[in-house]
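Letters go in sequence order (proteins before strands), and every chain restarts at 1. Only a predicted model underlies this, so the values are computations on that prediction, with no experimental measurement involved.
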There are 2 protein chains.
Amino acid sequence: MSARSHSATSGSASSPSGPAGSGFCLDDLLCFAVYSAEHAFTRAYRPLLKALDVTYPQYLILVLLWRKDGQSVKALGEQLHLDSGTLTPLLKRLEVAGIVRRARNPADERVVNIFLTDAGRALEANAQEVLRAMGSAIGLCEADAVELREKMIALRDRLNAAVE
Amino acid sequence: MSARSHSATSGSASSPSGPAGSGFCLDDLLCFAVYSAEHAFTRAYRPLLKALDVTYPQYLILVLLWRKDGQSVKALGEQLHLDSGTLTPLLKRLEVAGIVRRARNPADERVVNIFLTDAGRALEANAQEVLRAMGSAIGLCEADAVELREKMIALRDRLNAAVE
DNA sequence: CGCAATTAAATTGCACCCAACTGTTTTTGC
DNA sequence: GCAAAAACAGTTGGGTGCAATTTAATTGCG
């Protein structure tokens with residue numbers, strides 16, 4: 001008898017707006033709430049990141065590198081939950097843009113380490129402005145944002161665990 | 001003096017795991033929590049939806065059509081926050097799969113209405129099983145799931161409002 | 001009525017994301 | 001030592017998502 005909650009059954013009284021059909025409402029689904037919030041974040045970031053000339057996933061890579069430079073493709077992938085099929089072309093684009101440098105690890109030729117260029121490091125200053133703008137767009141006090149973030153991380157980890 | 005919270009400043013004491021660098025930690029960012037939770041949902045749905053032979057965005061379209069058949073491309077797009085550039089090829093794939101039928105609206109030839117086929121309607125029964133499995137993977141009681149969902153929807157709407 | 005503005009889909013081009021596979025390099029098990 | 005297994009990045013192909021443009025149909029205003 002494990003957890004059995006739905007948040008998304010076709011439940012009797014949960015859809016005040018439903019005009020027709022037998023199905024459930026999209027806004028009843030937690031998965032859709034997360035799906036559409038994610039798109040809203042991407043949309044909100046887009047104009048801000050245009051100033052840095054990077055996309056949102058590229059920005060997440062930069063966040064990791066600003067914190068710790070020279071990480072391997074695998075290490076970056078584990079933190080973002082992305083594999084080389086996504087990362088290799090993305091990192092190549094960052095390299096072409098002059099933001100990172102890719103270098104085989106001499107001690108282990110299987111590994112490629114990613115290093116920020118001077119230009120890549122310089123972007124961090126601009127990113128502070130992005131953070132500030134997003135903080136105000138989110139429109140939550142610090143405590144509420146932290147609580148929501150922790151719940152999302154916990155949800156993510158449970159979902160990942162359920163897929164093994 | 002509008003809202004000014006970040007949930008994501010490089011804040012003093014928020015990163016217990018931080019080994020290096022000047023930047024902030026990825027898990028400190030609410031946007032990343034949502035980003036990775038969304039991917040976790042997609043990953044969790046993938047094996048379940050494989051039984052129906054549809055992808056996750058295709059499933060969301062079906063949820064809308066099960067509720068109300070014959071909606072226009074525009075109507076579907078407004079509910080999913082997607083435009084015709086995404087929907088047209090997706091709906092064509094559903095049509096090729098024999099799940100929906102696309103038909104120009106005789107009353108307004110600009111509009112294309114999407115109708116479920118018998119096969120498309122038949123999938124709804126299987127979807128109940130998907131819902132049940134996701135409910136247990138989410139691992140939240142109904143009340144917590146509803147609360148989290150409402151907070152995500154509110155966050156999404158604030159973000160969308162911030163982009164105009 | 002007639003034509004400009006608007007609306008709906010479709011198209012094009014680019015970036016992301018994943019599954020499946022390939023080619024090296026390193027580690028392991030004997 | 002050396003062959004099998006594992007690890008890592010890269011490649012390919014298909015689906016998603018969005019900006020910008022195009023085409024066709026409708027509306028609205030003079």
Ring centre gap for A:Y56 and A:F41 strictly below 6.0 Å: no
Given DNA chain C, 5'-ward residue of the pair A:A107 and A:R93, judged by closest heavy atom: A:R93
Contact list please: residues 34-47 of chain B against DNA chain D, heavy atoms, distance less than 4.0 Å, in numerical order. none
For B:N126 and B:L52, indicate whether the former's side chain and the latter's backbone hold a donor-acceptor pair under 3.5 Å. no
Provide, to the nearest angstrom, the distance between the CG atom belonging to A:L49 and the P atom belonging to D:dA19. 13 Å
Do A:L60 and A:Q79 touch side chain to side chain, with heavy atoms closer than 4.5 Å? no
Rounding to a whole Å, what distance do you find between B:E109:CD and C:dA9:C1'? 12 Å
Under a 3.5 Å threshold, yes or no: a donor from one side chain and an acceptor from the other, between A:R101 and A:T117? no
DNA chain C: A:N105 or A:T55, which has the more 5' nearest nucleotide? A:T55
Protein heavy-atom contacts under 4.0 Å, written 5' to 3' over nucleotides 1-11 of chain D as B (base), S (sugar-phosphate only) or - (none), form the string ------BSBBB
Side chain of A:L82, heavy atoms from C-beta onward: which of C:dC18, C:dT25, C:dA15 has the nearest atom to it? C:dC18
Check the pair B:R102 / B:E95 against salt bridge (Lys or Arg N to Asp or Glu O under 4.0 Å), numbers first and verdict last. CA-CA 7 Å; B:R102 302 188 308 138; B:E95 187 175 43; 3.1 Å; yes
So does B:G70 get a backbone contact from the side chain of B:N113, meaning a donor-acceptor N/O pair under 3.5 Å? yes
Partner residues of B:D83 under the side chain to side chain contact (heavy atoms under 4.5 Å, CB included) criterion, sequence neighbours left out: B:T86
Whole-Å distance, A:L76 CG to C:dC17 C1', equals 16 Å
B:Q58 side-chain N/O to B:L94 backbone N/O, donor-acceptor pair under 3.5 Å: no
A:L90 CG - C:dC18 P separation (whole Å): 12 Å
